[in-house]
Amino acid sequence: MSSSLLCGRPSLLKLRRITAAMRSCCSSLTCGRQTVNGVDLYYEKAGSGNHAVLLLPGALGSTKTDFQPQLKSLNQDLFTVVGWDPRGYGQSRPPDRDFPLDFFERDARDAVDLMRILGFAKFSLLGWSDGGITALIAAAKNPESINKTLVWGSNAFVSQKDLDIYNSVRDVSRWSARMRAPMEAVYGAQVFAKTWQAWVDGIAQFARRPKGNICIDLLPLIRCPTLIVHGEKDPMVPSCHPHFLLKHIQGSRLHLMPEGKHNLHLRFPEEFNKLVEDFLQEGQKD
Ligand code: TYC
């Protein structure tokens, strides 16, 4: 059964086809919607393992654009993997996305509350880029609920160099068609261009804070095992960021992927998934 048949807003016709398809085969990928903190959030779920894991997408990202190789191929006997679309992203619309100064904290609260409502008292976090920032905040604020945290392409502050990079990618009409295509398929060209600019303005707000602080103060509160992954060829996130995280998160480790760019988990899914599985299984009793 294709995941596109299962996922999205179902019409009556689609519901009939879903029921028919469910009778004929049993896909391990399911999807659903859940009201959390007053918004209707979309998620996808794969596997039935004891170790629950939440995948947190990057800016404007969604489970469909960012995590299909992980939902499909992470070990489904060991893990129950949930991918979510944060409010205002992907299929968690409406509402339109906005970027108040506390947008990462708001996403962190939504993410943890979604997992609790879905019945997971304790779970691990895999966060890409902005999703990694959300994951770090969630781990710091909910130590009793978070098992392990893995982040890649993430930053705890915004420097002048970061601002220059954000501004260089602000105008999406200057991106290659190949880069734009997955996002335009989700949002449509105009909404994507507008929301991306709003994101650039949103993240640029942090540069006006002392030290460009996004979540620097929270890093020492993270107590769970934390793995920081970084692509050495990442053109978006300078390597000072993973090193800063390593220094300020107690007991954390850094794994560098020499050929990795920003999207290393999509470009090298087998290597990345193996790294994730090994890290999540380390020290687990079952
Ligand atoms: N943080 C973005 C994300 O979540 C990626 C990004 C990083 C974009 C740096 C622009 O200058 C940039 N995918």
Side-chain angles (χ1 to χ4, degrees), residues 54-70 83-90 92 97-99 101 103-108 110-111 125-138 149-176 178-187 192-208 212-216 228-245 257 260-267 272:
L54 179 66
L55 306 170
L56 300 101
L60 276 71
S62 59
T63 174
K64 282 264 185 288
T65 53
D66 291 8
F67 289 130
Q68 290 308 302
Q70 283 65 48
W84 79 308
D85 294 2
R87 63 168 73 197
Y89 287 171
S92 293
R97 180 71 186 200
D98 60 354
F99 297 94
L101 201 50
F103 74 87
F104 286 115
E105 276 83 3
R106 187 179 62 180
D107 283 344
D110 288 347
L125 302 171
L126 302 188
W128 179 32
S129 203
D130 273 25
I133 302 174
T134 303
L136 295 171
I137 294 171
T149 299
L150 187 152
V151 299
W152 65 109
S154 299
N155 48 305
F157 62 88
V158 174
S159 66
Q160 183 57 48
K161 186 171 171 188
D162 296 314
L163 265 188
D164 294 342
I165 302 173
Y166 298 141
N167 283 323
S168 74
V169 296
R170 180 187 179 85
D171 179 358
V172 298
S173 71
R174 291 164 60 188
W175 295 19
S176 69
R178 194 176 58 86
M179 289 277 293
R180 278 198 318 257
M183 290 295 200
E184 291 187 347
V186 172
Y187 294 97
F192 170 54
K194 195 172 128 236
T195 313
W196 183 261
Q197 290 194 5
W199 173 78
V200 171
D201 292 339
I203 193 107
Q205 299 175 93
F206 296 103
R208 296 195 285 273
N213 184 12
I214 302 175
C215 61
I216 295 173
I228 301 146
V229 178
H230 194 69
E232 291 191 86
K233 293 189 174 163
D234 188 336
M236 321 282 265
V237 179
S239 64
C240 61
H241 289 295
H243 284 101
F244 185 91
L245 296 177
M257 287 176 56
K261 296 186 183 169
H262 196 58
N263 64 351
L264 54 89
H265 63 301
L266 299 173
R267 182 78 180 74
F272 179 80

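All of these numbers come straight from a predicted model, not from anything done at the bench. First listed ligand is number 1; within each ligand, the first listed atom is number 1.
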Determine whether a donor-acceptor pair (N or O, by modelled atom type, separation under 3.5 Å) exists between the side chain of Gln68 and the backbone of Thr63.
yes
Is it the case that Gln197 and Asp201 place a side-chain donor and acceptor less than 3.5 Å from each other?
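Their side chains do not contain a donor-acceptor pair, so the 3.5 Å distance test is not met.
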Ring geometry between Phe192 and Trp175 (parallel below 30°, tilted from 30 to 60°, perpendicular above 60°):
perpendicular
Anything under 30° is parallel, anything over 60° is perpendicular, the rest tilted; go ahead and classify Phe67 against His265.
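Ring orientation, 0 to 90° scale: tilted.
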Report the residue from Asn155, Asp234, Asp162 that forms a side-chain hydrogen bond (donor to acceptor under 3.5 Å, both in side chains) with His241.
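When side-chain hydrogen bond (donor to acceptor under 3.5 Å, both in side chains) is applied between His241 and each of Asn155, Asp234, Asp162, only Asp162 qualifies.
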Please determine whether the number of non-hydrogen atoms from other residues, nucleotides or ligands lying under 6.0 Å from atom CZ of Arg180 exceeds 12.
yes
May I have the N/O to N/O pairs between ligand 1 and the protein that fall below 3.5 Å, each with atom names and distance to one decimal?
| unit_1 | atom_1 | unit_2 | atom_2 | d |
| --- | --- | --- | --- | --- |
| ligand 1 | 1 (N) | Ser129 | OG | 2.9 |
| ligand 1 | 1 (N) | Asp130 | OD1 | 2.9 |
| ligand 1 | 4 (O) | Ala59 | N | 2.7 |
| ligand 1 | 4 (O) | Ser129 | OG | 2.9 |
| ligand 1 | 4 (O) | Asp130 | N | 2.9 |
| ligand 1 | 4 (O) | Asp130 | OD1 | 3.3 |
| ligand 1 | 11 (O) | Tyr166 | N | 3.4 |
| ligand 1 | 13 (N) | Ser129 | OG | 3.3 |

